Structure formats: structure tokens, C-alpha cells
2 protein chains.
Amino acid sequence: MSRYSYSQLLTDGSAMKKTQEELKANILTALAHPNRIRILESLKNGVKCNCEIAPELDLEQSNLSRHLKILVQEGILVSWKEGLRVNYKVADKRIFDILAISGDVARKQAEARIEVLEEA
Amino acid sequence: MSRYSYSQLLTDGSAMKKTQEELKANILTALAHPNRIRILESLKNGVKCNCEIAPELDLEQSNLSRHLKILVQEGILVSWKEGLRVNYKVADKRIFDILAISGDVARKQAEARIEVLEEA
DNA sequence: TGACTATATGAGTATCTACTCATATAACGT
DNA sequence: ACGTTATATGAGTAGATACTCATATAGTCA
């Protein structure tokens, strides 16, 4: 069994055939970081550039740039140049459904833990 | 900015207050591995134990055990003992909605790439 | 052209992750 | 109790990730 690597699968675009599970895992890996989730929520209602998001979320410029790159590579964000800036917007609103369900599942899990505590 | 760590947040249950984004990221991180996605698909229609899943998915026993632990810790799977075995089932079917949307987004992104190639 | 702004990327680093092998634990049947 | 089966966990490792700082690139405007 070779180890699953997210970025290798990304950059290797050429070579390997990816399984359904790997394709899904790539999308989910791209979503699975609090700062990337914050970025998406910040872009929920509009278009923004790196220079607007950075101060809003208090993220270092180059770090933000790499987070944005990951989201674009997975097709979660779309970007285009406009003068000096690079604008970003969410490509597919269903991403927010994933985030909403994740929140529900997290909440439900927290409730289940409380129930276990109360039983004792 | 301190680095986001999945497992620290998991095991630290006691101490830190977690943001909404961290809670969502935890769920998504737990889902973001091809083998864990395969495990969930294998459990889609029923209850199974480690010893049934391992040969089916060709996963080494201890590796599978750790993957299952991650899914249980996040509340994605529920487990209970039955004699020697530990049975697992999916706690919340909405997990499959997340997987389905991820698949759709991945497919859509692949289609977009093909379009770009055809434009040129 | 030169100064300035916005973004991307190279290099270095601490930490994390998935994996394997070996061993421990727990529950069963005899 | 003893051997067997199912699962969990310790230790070690290769390689991946998020982050920072410094630098490169690219577009703007005087």
C-alpha cells in the first residue's frame, strides 16, 4: 500500500488514473482546513482579491496565496486577473452544502457526547 | 499564526475552544482520505467489523484500525463490541451527501478543464 | 524609465500523517 | 488455564503539509 498524497495527485495531472475515491478525497482535502473554510465563507457573497482577503482574515500574504492556489487547483474557486489584482470567486455553490452538512454532523456529534456524559 | 493540526484538536478535547471552522475542518479531514471513503462506502448498507472490512478493501489490520478510530472519533461511525468483534456502522447518512457532492464537484471541474483544452 | 503595488514562488523548518511491524489486550472455545 | 481470534497500540519511518521570510514576477502610474 502506498501512501495517499494529496499534492502529488494534483500536480501529476498527466500520468496516473485516479480512483473515484481519490478524486473525492482531493476535493475534501482542499476543503479541510479552517483558513480555507474561512476564505470560502468570505467569498460567499462576492468577488475578492488576495489583497482584500488577507487583512480581513489576518493571513500572511504568501500563505493566503498558497491556500487560494489549492482551492483553484481543485476547481473550488475560479480566478482571473484584473490589473494588478487576481480576483477569486466560488465556482460551485454546492461547496457550501458540504460545509453546512459538516457543521450539522459536528453539532450532532457534540450532542451525542453530552448525552453519553449525562447517562453516567 | 499557529499551524492547524487535526489530531491535536481531537485529543485536546478538554482544553481549547474550537471555532466553527475548525469543527467543520475536523469532519472534512476525517473524510479526506481515499481509504476512509472506501470504508464508508463499504458500510453504506450495513454493519461490519474490522475483520470483514480488512480483506474486502485489502487494508492491513492495524492501519484499518486507525482509520476506523479516526472516523469514530469524529462521530462519523458508531462502534460497539459483540464478542471478539467490534462492529461499525455509519452514524449519519448525510455523510454520503457530502461524498456525492464532492464527486459532482470533481466531475464538473474535470469537464471545465476539458473545455479549456478544447477552446485552444 | 523608475517607484510602487499585488501576487507568486524558492528555501527552510516544525510538525503531522499514513504506513508497517511487533507486541499488548481482550474475549472466545476447549 | 491454554490456544486462538479480533482489535488496539507503541515505535519507527518516509514523506507531506502549513507556515515564515526573502525574493522574483508582473502590472500600474507618474
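We use all heavy atoms of the structure for the numbers below, so side chains are in, but hydrogens, waters and symmetry mates are not. Order of the sequence lines sets the chain letters (A, B, ...), proteins ahead of strands, with each chain counted from 1. Just so it is clear, the structure is predicted and the values come from calculations on it, not from any experiment.
When side chains are defined from C-beta on, Asp92(A) counts as touching Lys108(B), because their heavy atoms get closer than 4.5 Å.
When all heavy atoms of Leu71(A) and Ile39(A) are compared, the closest pair comes out as CD1-CG2, 4.1 Å. Minimum heavy-atom separation, Lys89(B) to Trp80(B): CG-CZ3, 3.7 Å. Nearest heavy-atom pair, Tyr88(A) versus Cys49(A), reported as atom, atom and distance to 0.1 Å: CD1-CA, 4.4 Å. Scanning all heavy atoms of the two residues, the minimum distance from Ser42(A) to Glu56(A) falls at OG-OE2, 3.2 Å. Of all the heavy atoms in Ile37(A) and Ala25(B), the pair that sits closest is CD1-N, 3.7 Å. What you find for Leu43(B) and Val47(B) is that their closest heavy atoms are CD2-C, 4.4 Å.
Using modelled atom types, one side-chain atom of Lys93(B) and one backbone atom of Lys44(B) make a donor-acceptor pair closer than 3.5 Å. Using modelled atom types, no side-chain atom of Glu74(A) and backbone atom of Ile76(A) make a donor-acceptor pair closer than 3.5 Å.
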Between the protein and nucleotides 26-30 of chain D, which nitrogen or oxygen pairs are less than 3.5 angstrom apart?
none

Contacts under 3.5 Å, N or O only, protein and nucleotides 21-23 of chain C:
unit_1	atom_1	unit_2	atom_2	d
dC21(C)	N4	Ser62(B)	OG	2.9

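For His67(B), no side-chain nitrogen or oxygen approaches OP1 or OP2 of dT17(C) to under 4.0 Å. OP1 or OP2 of dA8(D) lies within a sub-4.0 Å distance of a side-chain N or O belonging to Ser65(B).
Note: CD1 (Ile70(B)) to C1' (dC19(C)) measures 12 Å, nearest angstrom. Taking atom NZ of Lys69(B) as the reference point, atom C1' of dA6(D) lies 16 Å away to the nearest angstrom. Look at CG on Leu64(B): it is 10 Å from P on dC19(C), rounded to the nearest Å. For His33(A) and dC16(C), the NE2 to C1' distance is 12 Å, given to the nearest whole Å. A straight line from CG of Leu77(B) to P of dT7(D) spans 14 Å, rounded to a whole angstrom. Between the CG atom of Leu68(A) and the C1' atom of dC19(D) there is a distance of 15 Å, rounded to whole Å. Atom pair Ile39(A):CD1 and dT7(C):P shows a separation of 13 Å (rounding to whole Å applied). Straight-line distance from the CZ atom of Arg85(B) to the P atom of dT5(D): 13 Å, rounded to whole Å.
For Arg3(B) and dT17(D), a side-chain-to-base donor-acceptor distance below 3.5 Å is present, hydrogens and geometry of angles not being considered.
For residues 47-56 of chain A, proximity to DNA chain C is found at Cys49(A), Asn50(A), Cys51(A), defined as any non-hydrogen atom under 4.0 angstrom from a strand atom.
Residues passing the side chain to side chain contact (heavy atoms under 4.5 Å, CB included) test with Ala54(B), sequence neighbours excluded: Asn50(B), Leu64(B).
Note that the two end axes of the helix from dT1(C)-dA30(D) to dT30(C)-dA1(D) enclose an angle of 20°, each drawn from 5 base pairs, rounded to 10 degrees.
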Which pairs of donor and acceptor atoms, one on a side chain in residues 96-106 of chain A, lie under 3.5 Å apart (sequence neighbours left out)?
unit_1	atom_1	unit_2	atom_2	d
Ser102(A)	OG	Ile98(A)	O	2.8
Asp104(A)	OD1	Arg107(A)	NH2	3.0
Asp104(A)	OD2	Arg94(B)	NH1	3.0

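To the nearest 0.5 Å, atoms CZ (Arg38(A)) and CD (Glu22(B)) are separated by 9.5 Å.
Ion pairing between Glu21(B) and Arg36(A) fails under the 4.0 Å rule for side-chain N and carboxylate O.
Using the six-membered ring where Trp is involved, His67(A) and His33(A) have ring planes that are tilted, between 30° and 60° apart.
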